[in-house]
Amino acid sequence: MKIYPLKDGDFSVDKNKNFTYLEDTENDKNLKMAVQPFLIETAGNLVLLDAGLGWMGNGIPKIHSNMIKAGFQPKDVKLVMLSHLHKDHIDGLVNREKNDWTLNFPNAEVYLQKREYDFALSKEGSPSFDLDVLKFIVENANIVWMDSDKGSITSEIDFEVTGGYNVEVDPSAGHTDPSNKAFFSPTDDLTILLLFS
């Protein structure tokens with residue numbers, strides 16, 4: 001198994017969840033964060049873990065150019081796993097450059113939990129979610145609904161629902177989704193854990 005970072009960039013994020021490249025800001029007091037999906041090459045699959053912001057660069061989705069730089073073609077992605085459904089994790093699944101939206105990974109199965117999807121839909125108006133993109137994904141992608149809290153996606157990739165952060169205890173945490181997931185790959189001599197927020 002090999003893991004390739006597909007960094008969207010380093011960002012300043014304001015309270016309304018507007019993302020600005022750090023190099024385009026001046027010492028603001030906003031949250032600073034990196035947005036970084038991962039491409040995982042397993043023995044049998046090319047797996048995308050989170051999809052980033054969906055920004056364009058030179059007329060193509062940035063996530064596509066990052067994959068090509070890593071030596072892969074977007075059409076070869078077979079599985080998409082999402083740690084949770086905030087816009088900085090899902091928007092890269094959709095090309096919104098033209099009025100006719102398209103899936104960036106039309107050949108991939110997208111793994112979603114139904115209760116997580118329902119939770120996101122209950123957050124209408126929250127700047128953390130892009131419900132138009134989420135609904136487009138569910139209506140157009142090959143969705144594999146996950147109902148259990150723990151299980152296997154492939155023989156090489158397991159998942160476990162870890163829950164969200166409690167913003168009542170830590171108001172700066174920003175995650176209340178009860179369906180955040182950890183993905184891990186157990187082998188005989190190493191376990192790779194991928195936990196996102």
Side-chain angles (χ1 to χ4, degrees), residues 4-14 16-25 33-41 45-146 153-154 177 179-181 183 196:
Y4 304 87
L6 303 174
K7 190 170 185 178
D8 263 0
D10 297 313
F11 296 91
S12 171
V13 185
D14 69 18
N16 294 313
K17 305 300 185 206
N18 294 309
F19 287 74
T20 306
Y21 281 114
L22 268 183
E23 61 264 20
D24 296 338
T25 64
M33 64 183 286
V35 175
Q36 183 159 293
F38 289 89
L39 191 63
I40 304 168
E41 183 182 23
N45 287 296
L46 193 57
V47 181
L48 180 64
L49 181 55
D50 285 339
L53 288 163
W55 288 15
M56 302 292 283
N58 299 320
I60 65 169
K62 185 164 185 177
I63 195 162
H64 282 188
S65 59
N66 287 342
M67 279 185 184
I68 293 166
K69 285 179 194 172
F72 300 96
Q73 293 299 315
K75 66 179 176 59
D76 297 329
V77 173
K78 300 298 181 215
L79 304 173
V80 174
M81 303 181 309
L82 300 167
S83 60
H84 60 284
L85 300 179
H86 284 173
K87 65 184 179 183
D88 56 316
H89 294 257
I90 70 163
D91 281 8
L93 292 178
V94 177
N95 183 339
R96 299 177 293 167
E97 189 67 10
K98 301 174 185 165
N99 290 336
D100 185 26
W101 288 11
T102 59
L103 294 170
N104 281 332
F105 306 98
N107 300 330
E109 293 180 331
V110 178
Y111 283 75
L112 288 179
Q113 278 197 317
K114 179 71 168 106
R115 73 172 181 253
E116 179 180 17
Y117 176 67
D118 292 340
F119 174 85
L121 292 180
S122 76
K123 297 301 178 185
E124 183 76 39
S126 168
S128 294
F129 295 93
D130 189 333
L131 296 183
D132 291 334
V133 168
L134 181 57
K135 290 174 186 175
F136 180 84
I137 292 165
V138 169
E139 291 169 6
N140 293 281
N142 183 9
I143 302 296
V144 177
W145 293 105
M146 300 164 31
I153 292 175
T154 71
D177 183 345
S179 301
N180 283 354
K181 286 170 286 308
F183 298 99
F196 291 81

Heavy-atom side-chain proximity of [X] to [Y] below 4.5 angstrom:
| X | Y | answer |
| --- | --- | --- |
| Leu39 | Val77 | yes |
| Leu112 | Val110 | yes |
| Met56 | Pro61 | yes |
| Pro37 | Ile63 | yes |

Shortest non-hydrogen contact from [X] to [Y]?
| X | Y | value |
| --- | --- | --- |
| Tyr4 | Ala70 | CD2-CB, 4.3 Å |
| Leu85 | Phe129 | O-CD2, 3.5 Å |
| Leu79 | Ala108 | N-CB, 4.2 Å |
| Phe72 | Glu41 | CZ-OE1, 3.7 Å |
| Gly92 | Asn104 | O-ND2, 2.7 Å |
| Lys78 | Asn45 | CB-OD1, 3.7 Å |

Report task. Sequence neighbours left out, what passes salt bridge (Lys or Arg N to Asp or Glu O under 4.0 Å) with Lys7? Give chain and number order. Result ->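 Asp10.
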
Query - All salt bridge (Lys or Arg N to Asp or Glu O under 4.0 Å) counterparts of Asp130, not counting sequence neighbours - result: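 Listed in chain order: Arg96.
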
Query raised in the report: Picking from Asp8, Leu53, Asp91, what satisfies side-chain contact (heavy atoms from CB on, under 4.5 Å) with Phe19?
Result: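 Going through Asp8, Leu53, Asp91 one by one, the side-chain contact (heavy atoms from CB on, under 4.5 Å) with Phe19 is satisfied by Leu53 alone.
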
Query raised in the report: Does Asp24 CG have over 12 foreign heavy atoms under 6.0 Å away?
Result: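 Yes - once you tally the heavy atoms of other residues, nucleotides and ligands closer than 6.0 Å, there are more than 12.
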
Requested in this report: Step through it carefully: locate the ring centre of Phe105, locate the ring centre of His64, and say whether they are under 6.0 Å apart.
Outcome: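 Ring centroids of Phe105 and His64 are less than 6.0 Å from each other.
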
Query raised in the report: Do Glu109 and Val80 pass the side-chain contact (heavy atoms from CB on, under 4.5 Å) test, and can you show the C-alpha distance, the side-chain angles, and the key distance before you say yes or no?
Result: CA-CA 6 Å; Glu109 293 180 331; Val80 174; over 6 Å; no

**Report entry** Trace of the side-chain contact (heavy atoms from CB on, under 4.5 Å) decision for Glu116 with Leu82
**Finding:** CA-CA 11 Å; Glu116 179 180 17; Leu82 300 167; 5.9 Å; no

With rounding to the nearest 0.5 Å, note down the distance linking [atom1] in [X] to [atom2] in [Y].
| X | Y | atom1 | atom2 | result |
| --- | --- | --- | --- | --- |
| Lys87 | Ser126 | NZ | OG | 8.5 Å |
| Thr102 | Leu93 | OG1 | CG | 11.5 Å |
| Asn107 | Gln73 | CG | CD | 12.0 Å |

Report task. Start with the C-alpha gap between Met67 and Leu46, add the side-chain angles, then the distance that decides, and say whether side-chain contact (heavy atoms from CB on, under 4.5 Å) holds. Result -> CA-CA 11 Å; Met67 279 185 184; Leu46 193 57; 5.9 Å; no

Query raised in the report: Under the 3.5 angstrom rule, does the side chain of Asn16 hit a backbone N or O of Pro127 as a donor-acceptor pair?
Result: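 Such a contact is absent between Asn16 side chain and Pro127 backbone.
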
Solution key, residues 131-141 side-chain donor-acceptor pairs under 3.5 Å, sequence neighbours excluded:
residue, atom, partner, partner atom, Å
Asn140, ND2, Phe136, O, 2.9

Query raised in the report: So Trp55 and Phe11, would you call those rings parallel, tilted or perpendicular, with 30° and 60° as cut-offs?
Result: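 Ring orientation, 0 to 90° scale: perpendicular.
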
Requested in this report: Starting from the C-alpha separation in whole Å, work towards a yes-or-no answer on side-chain contact (heavy atoms from CB on, under 4.5 Å) for Thr154 and Val47.
Outcome: CA-CA 10 Å; Thr154 71; Val47 181; 5.8 Å; no

